[in-house]
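Before any comments, here is the structure.
Just so you know, these numbers come straight off a predicted model, no measurement behind them.
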Amino acid sequence: MKKLLLLILFPFVIYAQAMSDYGGVFVEGIPMQVNRMSHIHTVLPDSNVLLIGGHGTGFVSLANAEVIDCLTNESTLLNMNFPHDGAALVRANNGYYYIFGGAANLGVAPGYNTVEYFDPSDYTFKPINATMQYGRMFHNGTLMDNGSILIVGGWYDQNSATYGEVFNPRNNIFTTTQALNTPRSSPILVPTTDGKVTVFGGTDIYGTINYQKVEEFDPETNAFTVVSETLFPDKPNLTIMHNNKEAGSNIFCNGKYIYFATDNSTSESFFFTFDPISKVFEKLNLDYTFTTNERTYIDWTLNLSRTKIYLLAAKYEGNSCGAQLFHIYPYLSHPWVQVYNPPDFYPMENSYFLTGASLDPLFYTWNENWLLVSGGTTSNDYNTNFTPVNSCIVIATIFIDDVKDENVTPDKFELNQNYPNPFNPNTTISYQIPNNCMVTLKIYDVLGKEITTLVDGYKTAGKYSVTFDGSKLASGMYIYQMNAGNFTNTKKLVLMK
């Protein structure tokens with residue numbers, strides 16, 4: 001409890017010094033029980049964070065996992081039946097998390113063909129009475145509409161990169177697919193609403209070619225078909241790779257999948273979406289350009305309500321590493337997207353580099369989001385994979401929910417409709433003011449009783465956004481009202497649990 005109180009109170013103490021310098025308040029968390037990097041990870045139904053495998057000191061593949069308690073930040077070490085480094089994680093319809101394959105020590109390919117599952121009801125790992133057709137590492141999986149799991153990809157092994165396989169959790173049987181048109185390592189797999197799976201991104205088996213072709217797997221024919229030569233015709237040289245997260249953890253609140261890519265021709269990095277209904281790729285047109293010239297992008301995650309993106313970046317200079325958190329507001333119902341752009345880097349201590357670290361939403365409280373950074377390394381050279389750390393960092397995003405878009409000066413007052421609407425439990429309200437003035441933004445119930453105040457202060461001209469958390473309220477209609485100078489406007493929002 002002492003540690004929990006420290007985490008809650010500490011950001012308020014240093015608010016004046018560090019609130020917005022780095023995109024959030026960075027607090028040292030309770031260390032993991034094992035040095036760990038490049039682990040697969042997910043947020044469990046009870047909001048705890050599960051860290052699986054990866055590799056430890058000496059580049060040894062780990063056969064253990066940890067569950068990080070979302071309230072105390074304390075971890076519980078769990079033993080697995082097999083090592084899993086560079087594995088694939090998919091949650092099946094039975095509620096179990098299946099872990100497929102992974103590398104041997106020192107990242108040796110072709111990897112293991114062993115499989116086990118994690119039962120979130122009792123926090124245990126159990127093996128299944130079957131193995132994959134191929135040993136695999138740096139592969140990916142996804143749950144299809146028919147309840148089976150498609151697995152694709154392999155590193156330094158032509159067979160696992162060429163042939164996928166389908167796993168049926170109901171009878172633990174693996175079936176090999178027909179050959180891909182483009183054998184891949186670290187591909188992206190997305191199930192579509194017509195029962196098929198779109199496959200894109202990744203590299204060749206040696207990591208030297210970034211593949212641009214888009215393929216589609218049809219479980220009825222067990223075959224892959226090329227549906228497009230590129231994702232974006234004007235960007236023919238993209239790097240897009242699987243990022244050690246649970247399949248499906250990147251679904252935005254509007255049902256679209258979000259991904260991060262780098263244009264190798266320009267060094268620009270950007271987010272894009274894939275619609276599983278229309279099968280259309282669409283770039284998010286942000287007001288800020290991410291480039292790899294000054295930063296290394298470590299990991300990104302959606303907040304727990306899947307309405308906002310957090311992107312963790314690092315800057316390496318010799319034996320030092322700085323961290324920076326971006327807040328990205330993809331208001332897909334509006335023509336603009338806000339990015340919170342912090343000007344500085346938080347200085348990591350003791351030669352702590354973020355390479356191989358993961359970013360997860362730890363928990364949220366009223367109008368606050370908390371993130372967990374786990375793992376990393378103490379080397380930024382050839383020894384990177386040999387020197388992982390057990391460090392955890394908790395990032396509090398307190399007071400940053402009311403964000404100004406620095407790139408736009410509007411010409412009129414405006415209060416926008418909240419998005420999403422209906423919502424559960426979080427929604428975003430954006431507004432704009434053409435001149436400096438006092439602004440209040442309040443939530444009321446339908447009887448006119450004030451629920452909370454989201455904004456109350458002096459604001460400079462610009463576009464703003466604020467997140468409203470309705471997790472403590474009952475379902476129903478509510479009212480939000482903005483007062484700014486002589487401008488007043490009122491709109492309705494619907495909480496649907």
Hey, are the side chains of [X] and [Y] touching, using non-hydrogen atoms and a 4.5 Å cut-off?
X: F118; Y: Y98; value: no
X: F232; Y: L238; value: yes
X: E268; Y: K235; value: yes
X: T176; Y: Q133; value: yes
X: I52; Y: M80; value: yes
X: I128; Y: Y117; value: yes
X: T292; Y: T262; value: yes
X: T208; Y: T203; value: no

Distance-only, no hydrogens or angles: does the [X] side chain make a donor-acceptor pair with backbone N or O of [Y] under 3.5 Å?
X: E116; Y: N81; result: yes
X: N171; Y: I173; result: yes
X: T162; Y: Q158; result: yes
X: S379; Y: D381; result: no
X: T42; Y: E246; result: no
X: N418; Y: P420; result: yes
X: R306; Y: S249; result: yes
X: H139; Y: F100; result: yes
X: D218; Y: A223; result: no
X: D119; Y: T124; result: no

Only counting residues at least two apart or in another chain, list the ones meeting side chain to side chain donor-acceptor pair (under 3.5 Å) with N380. none
Looking just at side-chain N and O atoms, do [X] and [Y] make a donor-acceptor pair shorter than 3.5 Å?
X: K196; Y: T198; result: no
X: T387; Y: T377; result: yes
X: Q178; Y: N222; result: no
X: N35; Y: T57; result: yes
X: H41; Y: N244; result: no
X: N264; Y: T239; result: yes
X: S160; Y: D157; result: yes

Might you point out which heavy atoms bring [X] and [Y] nearest each other, and give the distance in Å?
X: R136; Y: V152; value: NH1-C, 4.3 Å
X: A92; Y: P169; value: CB-CG, 4.1 Å
X: F345; Y: A314; value: CE2-C, 4.1 Å
X: A130; Y: N172; value: CB-O, 3.2 Å
X: R170; Y: S148; value: NH2-OG, 3.9 Å

Identify every side-chain donor-acceptor pair in residues 352-359 under 3.5 Å, counting partners at least two apart or on other chains, and give the distances.
| from | atom 1 | to | atom 2 | distance (Å) |
| --- | --- | --- | --- | --- |
| Y352 | OH | G375 | O | 2.5 |
| T355 | OG1 | Y316 | OH | 2.8 |
| S358 | OG | H39 | NE2 | 3.1 |
| S358 | OG | S374 | OG | 2.7 |

Once the angle between the rings of F272 and F270 is folded into 0 to 90°, is it parallel (under 30°), tilted (30 to 60°) or perpendicular (over 60°)? tilted
In terms of relative ring orientation, are F217 and F224 parallel, tilted or perpendicular, with 30° and 60° separating the classes? tilted
Can the ring centres of [X] and [Y] be said to be less than 6.0 Å apart?
X: F271; Y: W300; result: yes
X: H327; Y: Y310; result: yes
X: Y211; Y: F200; result: no
X: F82; Y: F125; result: no

Is it true that atom [atom1] of [X] has more than 12 heavy atoms of other residues, nucleotides or ligands lying nearer than 6.0 Å?
X: N319; atom1: CG; answer: no
X: F274; atom1: CZ; answer: yes
X: Q33; atom1: CD; answer: yes

Looking at [options], which hits side-chain contact (heavy atoms from CB on, under 4.5 Å) with [X]?
X: Y123; options: T76, L50, L44; answer: L44
X: C392; options: R36, M32, E66, E28; answer: M32
X: L189; options: V90, V199, L143, I151; answer: V199

Check the pair N385, N383 against side-chain contact (heavy atoms from CB on, under 4.5 Å), reporting the backbone distance first and the verdict last. CA-CA 6 Å; N385 285 304; N383 294 310; over 6 Å; no
Could you walk me through whether N416 and S430 satisfy the side-chain hydrogen bond (donor to acceptor under 3.5 Å, both in side chains) test, starting with their C-alpha distance in whole Å, then the side-chain angles of each, then the deciding distance to 0.1 Å, before giving a yes or no? CA-CA 6 Å; N416 296 311; S430 59; 2.9 Å; yes
Taking 4.0 angstrom as the limit, do D194 and K279 come out as a salt bridge? yes
Under the criterion side-chain contact (heavy atoms from CB on, under 4.5 Å), I'd like the reasoning laid out for V34 against N64: C-alpha separation, chi angles, the key distance, then a yes or no. CA-CA 9 Å; V34 175; N64 57 59; 4.1 Å; yes
Under the salt bridge (charged side-chain N to carboxylate O under 4.0 Å, His left out) rule, what pairs show up with a residue in residues 173-192, not counting sequence neighbours? R184-E215
Assess the residue pair Y297 and R295 against the criterion (side-chain contact (heavy atoms from CB on, under 4.5 Å)); give the C-alpha distance rounded to whole Å, side-chain angles, the decisive distance to 0.1 Å, and a yes or no. CA-CA 6 Å; Y297 299 110; R295 302 175 179 87; 4.1 Å; yes
Would N303 and I309 count as a side-chain contact (heavy atoms from CB on, under 4.5 Å) if you check the C-alpha gap in whole Å, the side-chain angles of each, and the deciding distance to 0.1 Å? CA-CA 6 Å; N303 62 348; I309 305 171; over 6 Å; no
